[in-house]
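Indexing begins at 1, ligand by ligand and atom by atom, following the structure's order. Side chains included, hydrogens not; waters and symmetry mates left out as well; all remaining heavy atoms used.
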Amino acid sequence: MKKILVTGALGQIGTELTLALRKKYGNENVIASDIRHKASKVIEETGPFHWADVTIPDTLKHIIINYDVDTVFHLAAILSAVGEKDPQLCWNVNMMGTINMLEIGVKHKLDRIIIPSSMAVWGAGVPQDLTPQDSVLKPSTMYGITKVAGELLCDYYVQKYGLDCRGLRYPGIISSETLPGGGTTDYAVDIFYSAIKTGSYSCFLSEETMLPMMYMPDCLKATIDLAEADFANLNHHSDFNVAAMSFTPKQLAESIRKYIPSFTIDYAPDFRQKIADSWPHSIDDSSARNEWGWAPSFDLDAMTKDMLEKLSAKHKLGLI
Ligand code: NAD
Ligand code: SER
C-alpha cells in the first residue's frame, strides 16, 4: 500500500479512516474523495482531496492515474435508513460504485481494494444469536440487497480476474468525530450528543432492541488489519464477520447513567425498528479471528467513558 484512495472519505468512517491511514502511510500518500465538494478542514489541511462520483468511472480513473494509486478503500455508499427512503439511489450508488471500482481495479492492475459490507446482509432464516460466518443471506432492505450483491461481485472478481478484494461486515459503528450518514444504528451515536447537550434522548428503536456494535478505534483497526493481512492466509475475502459488543438502547442508557446519573431516555420506534428487527443480536467472528487475528479492544462501558469524555471536551469548546 503506497498510494491510497479513499472514496466516501467525508463520511462517518471515511473521515477517521483517512486520518488514520495518513498517520500510518504519510499525508501525501492518502487521497480523500467524496461526492461532496467541500471537505472538512482536517481532511483538507492534512492531505489531497478530490471530488469524485463513484457512479461516474472517469472521475475515479483521473485520480487513480494522476496519483498512481495502488490501493483503494471504497467507502462511498448509501446506508440502510436513507436507502429505504430512496431504494433506487441506494442501488445505483452501492452497485454502480462497486462494479466501477472493481473494473478499474482489473484495468489499472490495482494491488488491492477494500470494500466494507454490513450486518445488513442478514434477514430471515439465520439464528440471530451468534449469527454464523457462512449462512443464508436474505436481507429485507435495499441496502442489505446491495451489500449481498457487492460481496458476491467481489468474490467473483477474485475468482475470475485474480483481483485482491477484501471486505468485512461491520456492525453499527459508534464514533465521536463525524456524525453517521443515515443508518439504523445511528441512535447509538445520537444518544451521546443528546446526553451531553440536553441530558435526555428520544430513541427511534425500542428499549429491548439488541444489535451488534463497534467503537471506531476497533473499526479502524479491523479495516487496516484486514487490508494488511497476507492474502494467502485468507479463505474468505469480501465477507468477514467482525464483532465487538452487543447491547440494547436500555443497556446503553444505563451505561451513560454511570457517568451522567440524571440522564433520561424515552422510546418512540419508527420505520427503522423493522430494519433493526431483521438484523442479528450478535455475530460469530471466529473466521476473522483465525484468518487474520482480529480481536476488539472496547466493550460497552469503555466506549461510553471515552465517547462522553471526547464529546464533553468538544461541547466545552463550543464545537458541538
Ligand atoms: P456515510 O454515509 O457516513 O458516508 C458515505 C459517504 O459516501 C458520504 O460522505 C457521502 O457523501 C459519500 N457518497 C455518497 N454517494 C456518493 C457517490 N455517488 N460518489 C462518491 N461518494 C458518495 O457512511 P459510513 O458510515 O462512513 O460507511 C462507510 C461504509 O461502511 C459503507 O460501505 C457502509 O455500508 C459501511 N458500513 C457502515 C456502518 C456504520 O455503522 N457506519 C455499518 C456497516 C457498514
Ligand atoms: N450502521 C449501518 C446502518 O445502520 C449498518 O450497515 O445502516
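Under a hydrophobic clustering in which Ile, Leu, Val, Met, Phe, Trp and Tyr are joined whenever their side-chain heavy atoms come within less than 4.5 Å, directly or via other members, M307 and I320 fall into the same cluster. Taking hydrophobic clusters as Ile, Leu, Val, Met, Phe, Trp and Tyr residues chained together by side-chain heavy-atom distances below 4.5 Å, L163 shares a cluster with M95.
Listed as neighbours of ligand 1 are G8, L10, G11, Q12, I13, G14, D34, I35, R36, A52, D53, V54, L75, A76, A77, L79, V93, P116, S117, S118, Y143, K147, Y170, P171, G172, I173, G181, T185, each bearing a heavy atom under 4.0 Å from the ligand.
Classification of the H37-W51 ring pair by plane angle, with boundaries at 30° and 60°, yields parallel.
Using a 4.0 Å heavy-atom cutoff, W279 is listed among the residues neighbouring ligand 2.
With hydrogens left out, the protein atom closest to atom 1 (N) of ligand 2 is T185 OG1, 2.7 Å, a heavy atom. Scanning the protein for heavy atoms near atom 7 (O) of ligand 2, the closest one is S80 OG, 2.6 Å. Looking at atom 5 (C) of ligand 2, its nearest protein heavy atom turns out to be S118 OG, 3.5 Å.
Residue V189 forms a side chain to side chain contact (heavy atoms under 4.5 Å, CB included) with just one option from M216, M213, Q12, and that option is Q12.
Figure legend: R257 and F263 shown without cation-pi pairing, the cationic atom not lying both under 6.0 angstrom from the six-membered ring centre and within 45 degrees of its axis.
For K250, the salt bridge (charged side-chain N to carboxylate O under 4.0 Å, His left out) test picks out E208, with sequence neighbours left out. For F49, there are no ring pair (Phe, Tyr, Trp, His ring centres under 6.0 Å) partners, not counting sequence neighbours.
At under 3.5 Å, not a single nitrogen or oxygen of Y170, backbone or side chain, sits near a nitrogen or oxygen of ligand 2.
Listed by atom number, the atoms of ligand 2 under 4.0 Å from T184 heavy atoms are 3 (C), 4 (O), 7 (O).
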Enumerate, atom names and distances included, each donor-acceptor pair closer than 3.5 Å involving a side-chain atom of residues 67-76, sequence neighbours excluded.
{"unit_1": "Y67", "atom_1": "OH", "unit_2": "H50", "atom_2": "NE2", "d": "2.7"}
{"unit_1": "D70", "atom_1": "OD1", "unit_2": "K2", "atom_2": "N", "d": "3.2"}
{"unit_1": "D70", "atom_1": "OD2", "unit_2": "K2", "atom_2": "N", "d": "3.0"}
{"unit_1": "D70", "atom_1": "OD2", "unit_2": "K3", "atom_2": "N", "d": "3.3"}
{"unit_1": "H74", "atom_1": "ND1", "unit_2": "T7", "atom_2": "OG1", "d": "2.9"}

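Between I56 and N100, the closest side-chain pair of non-hydrogen atoms is not below 4.5 Å.
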